[in-house]
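Below is one structure, written out as structure tokens; the observations come after it.
Starting from 1, each residue takes its place in the sequence as its number. One-based numbering, in listed order, for ligands and for the atoms of each.
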Amino acid sequence: MAQAVLLEMRGISKTFPGVRALDGVSLEVRAGEVHALVGENGAGKSTLMKILAGAQPADSGEILVDGAAVKIGGPRDAERCGIAMIYQEFNVVPALDVTANVVLGREPAAFAGWLDAGAARAAARSTLEQLGIDLPLGALVGRLAVAQQQMVEIAKALLRKARVLVMDEPTAALTDREIDRLFETIKTLRARGVGIVYISHRLEELPRIADRITVLRDGRVVGGGTLAELPQHAMIRLMVGREIDQYYPPLPTLDAHAPVVLSVRDLRSGSAVRGLSFEARAGEILGMAGLVGAGRTETVRAVAAADIPSGGEIFVEGKRLRARGPHDAIAAGIAFVTEDRKGQGLVLGMSVRENVTLPHLELFRRALGFVDRAREKTVTLDLVAELRIRTPSVEQRARNLSGGTQQKVVLAKWLTRRARLFLFDEPTRGIDVGAKAEIYELMVELAKQGAAVVMVSSELPEVLGMSHRVLVVRDGTIAGVLTREEATRERVMALATAARGAA
Ligand SMILES: Nc1ncnc2c1ncn2[C@@H]1O[C@H](COP(=O)(O)OP(=O)(O)OP(=O)(O)O)[C@@H](O)[C@H]1O
Ligand SMILES: [Mg+2]
């Protein structure tokens, strides 16, 4: 079925200081298709879409809508051309309700009397209905779950009659059920003739949702086609330029008598952690599975003293930990790699080198308190190579790195330190396939060196592929512990949801 070409980008190039982000990229989006845009971290996906949305100017190239050249000099131009973009950090206004957010920014002339609350509500309601979305119109958007905020963004785009909708990693922070919901909504939009550009690192979800695919590498298009023409292994080879056959490395055998590194007894924290006990041994990788909201992040935050527990006991190598803050936990040998790269994870205004080494300056301090710059640089360069961190130099500001590359810097920051216990919260979110494999290798390496690794992950294949044991958390308690042999998708899900009998 040949659909009309809605949008064409031709020969788009863009250079940042020291980085050729895009080099003559062309992309075509048809009406009623979901067009996946994939590539390694830093390949240029977000930059290409920011140019389309008028958030950044291209150095050269042209954009055509319905076959006619258009000039996109800013977000207003993009909106006029029917282009809407949903960034990973949404543009919703948390302090306004759903209605206000959906109708927000409509020109008064185009949306007569939007100050009329009744009309605004009617417009918001009908838009949400067309999408089959049920949201409380009067609820403050800041109080909604991530998935609901995303729905508000989609409704906004629809009300603006968007013909091309760009979604940058829309499923990264969603639960399985929310992803199903999102895919339904995307299919509704597709049936209405909207062209969708879909950026994702979760390659396994693409066959469910995408019609065609374009692969970027180093700012160039290296291939593409229909999903049938490009199976996953071929896609990966195009993306990273090599085969990745062994995705999950073999785990080292776990010594059942290895010393216990972490022991948690009846841990309580906030309202999310309600009496949780578990242990992790030296050399063990312990996966923590559960639904979003089950209390996994809160558990590792409490162990790392990012939140102060309200009850229970934590022992690190047999010593009771009474941390009053993250510093005490760090001193006790705990490394906490957070999922939140913008908050605690990184200082965006600092360089890669500063971010990697700053928390550990004592490691680089020489006699009389001088900092060993040369050694800092060597250590950072090694990590940059190991994690394939794409940056023109170690002095680049973190702000200028691509989303997934920032996540890698957060990892690097903790790997410079010899910790006894590593807590990873969603370590591979937003990270490309090639680097994922590297991160798994690193985890195995840490375990081999005798550290205990606790990994919270919402990607079940990752938990199953990488854990000696799987701890399933539900409602702030342990719903069950499965050995590597026992852990299957079905059993984990049965424990994670309320269906106890099925487990
Ligand atoms: N404002 C900027 N200043 C300097 N360099 C930048 C800027 N924005 C992006 N870059 C660089 O351009 C390249 C492409 O980045 P982009 O964000 O488009 O990658 P991406 O494909 O979206 O990656 P990811 O999958 O990690 O999100 C990267 O090398 C990035 O560091
Ligand atoms: Mg990006």
- prompt: Hey, is the main chain of Pro252 close enough, under 3.5 Å, to the side chain of His468 for a donor-acceptor pair?
  reply: yes
message: Within the structure provided, determine whether Phe424 and Leu411 are in side-chain contact (heavy-atom separation under 4.5 Å).
response: yes
query: Is the backbone of Ile431 close enough, under 3.5 Å, to the side chain of Asn41 for a donor and an acceptor to pair up by distance?
result: no
task: Using 2.8 Å as the cut-off, count the protein N, O or S atoms closer than that to the Mg ion (ligand 2).
output: 1
For ligand 1, find each of its N or O atoms that sits under 3.5 Å from a protein N or O atom, and tabulate the pairs with distances to one decimal place.
unit_1   : atom_1 : unit_2 : atom_2 : d
ligand 1 : 3 (N)  : Asn400 : OD1    : 3.4
ligand 1 : 5 (N)  : Asn400 : O      : 3.4
ligand 1 : 10 (N) : Asn400 : O      : 3.3
ligand 1 : 18 (O) : Ser46  : N      : 3.4
ligand 1 : 18 (O) : Thr47  : N      : 2.9
ligand 1 : 18 (O) : Thr47  : OG1    : 2.6
ligand 1 : 19 (O) : Gly44  : N      : 3.4
ligand 1 : 21 (O) : Ala43  : N      : 3.2
ligand 1 : 21 (O) : Gly44  : N      : 2.9
ligand 1 : 21 (O) : Lys45  : N      : 2.9
ligand 1 : 21 (O) : Lys45  : NZ     : 2.8
ligand 1 : 22 (O) : Ser46  : N      : 2.9
ligand 1 : 22 (O) : Ser46  : OG     : 2.9
ligand 1 : 23 (O) : Gly42  : N      : 2.8
ligand 1 : 23 (O) : Ser402 : OG     : 3.3
ligand 1 : 25 (O) : Asn41  : ND2    : 3.2
ligand 1 : 25 (O) : Lys45  : NZ     : 2.8
ligand 1 : 25 (O) : His201 : NE2    : 2.7
ligand 1 : 26 (O) : Asn41  : ND2    : 2.9
ligand 1 : 26 (O) : Ser402 : OG     : 2.6
ligand 1 : 26 (O) : Gly404 : N      : 2.8
ligand 1 : 31 (O) : Asn400 : O      : 2.9

- request: Establish, from distance only, whether the side-chain atoms of Arg10 and Ser26 form a donor-acceptor pair under 3.5 Å.
  value: no
query: Taking the six-membered ring for Trp, are Phe183 and Tyr198 parallel (under 30°), tilted (30 to 60°) or perpendicular (over 60°)?
result: perpendicular
- request: Determine yes or no for a side-chain-to-main-chain donor-acceptor pair under 3.5 angstrom, with Glu33 supplying the side chain and Arg30 the backbone.
  value: yes
- prompt: Taking atom CZ of Arg484 as the centre, does the number of heavy atoms from other residues, nucleotides or ligands within less than 6.0 Å exceed 12?
  reply: yes
message: Check whether Asp425 reaches the backbone of Arg296 with its side chain - one donor and one acceptor, N or O, closer than 3.5 Å.
response: no
task: Using atom types as modelled and distance alone, determine if a side-chain donor or acceptor of Asp307 lies under 3.5 Å from a backbone N or O of Ala302.
output: no
